[in-house]
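Have a look at the structure below, then the notes.
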Amino acid sequence: MKPTINPDTCIASANCSRTAPRVFANLEENDGFVSIIDENPPESEWPAVRAAEEQCPSGTIHIEKDAGAAAGG
Ligand code: SF4
């Protein structure tokens with residue numbers, strides 16, 4: 001799983017960093033807009049990432065499924 005964001009649509013609501021704080025951050029130096037802090041989150045974080053995607057009010061978060069590039073592990 002690879003979360004991606006569209007910086008053009010984020011409204012800095014910070015839902016995502018509350019829902020998945022190990023994956024998303026809303027940093028002051030970024031005016032509260034979303035940053036991804038873990039681009040390849042471990043499986044234990046996937047439910048939180050999916051919840052963040054569902055709860056984002058602006059549809060900013062998308063999840064790319066692995067495109068067959070993984071090699072074990
Ligand atoms: S929940 Fe969506 S709109 Fe809110 S900060 Fe996160 S990415 Fe931006």
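Heavy atoms only: backbone and side chains are in, while hydrogens, waters and symmetry mates are out. First listed ligand is number 1; within each ligand, the first listed atom is number 1.
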Roughly how far, to the nearest 0.5 Å, is the [atom2] atom of [Y] from the [atom1] atom of [X]?
X	Y	atom1	atom2	answer
Asn40	Met1	CG	CE	11.0 Å
Ile37	Ser17	CD1	OG	8.5 Å
Thr4	Glu53	OG1	CD	8.5 Å

Would you please test Phe33 and Asn26 for side-chain contact (heavy atoms from CB on, under 4.5 Å) and show each step?
-> CA-CA 5 Å; Phe33 293 107; Asn26 296 85; 5.8 Å; no
Sub-3.5 Å donor-acceptor pair from the side chain of Asp38 to the main-chain atoms of Val23, do we have one?
->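 It does not hold such a pair.
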If only atom types and distance count, is the side chain of Thr19 paired as donor or acceptor with the main-chain N or O of Ala48 below 3.5 Å?
->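 No, Thr19 side chain to Ala48 backbone: no donor-acceptor pair under 3.5 Å.
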Starting from atom 5 (S) of ligand 1, which protein heavy atom do you reach first, and at what distance in Å?
->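 Here the nearest protein heavy atom works out to Asn26 ND2, 3.0 Å.
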Will you find, in the side chains of Thr60 and Asn6, an N or O donor that is under 3.5 Å from an N or O acceptor?
->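 Not at all, the side chains of Thr60 and Asn6 share no donor-acceptor pair under 3.5 Å.
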With heavy atoms under 4.0 Å as the rule, classify the contact between Ala12 and ligand 1 as side chain, backbone, both or neither.
->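 The answer is the backbone of Ala12.
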Check atom 2 (Fe) of ligand 1 and write out every protein N, O or S atom at under 2.8 Å, as residue and atom.
->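 The answer is Cys56 SG.
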By number and element, which atoms of ligand 1 are closer than 4.0 Å to a non-hydrogen atom of Ala14?
->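 So the answer, numbered in order with elements, is 4 (Fe), 5 (S).
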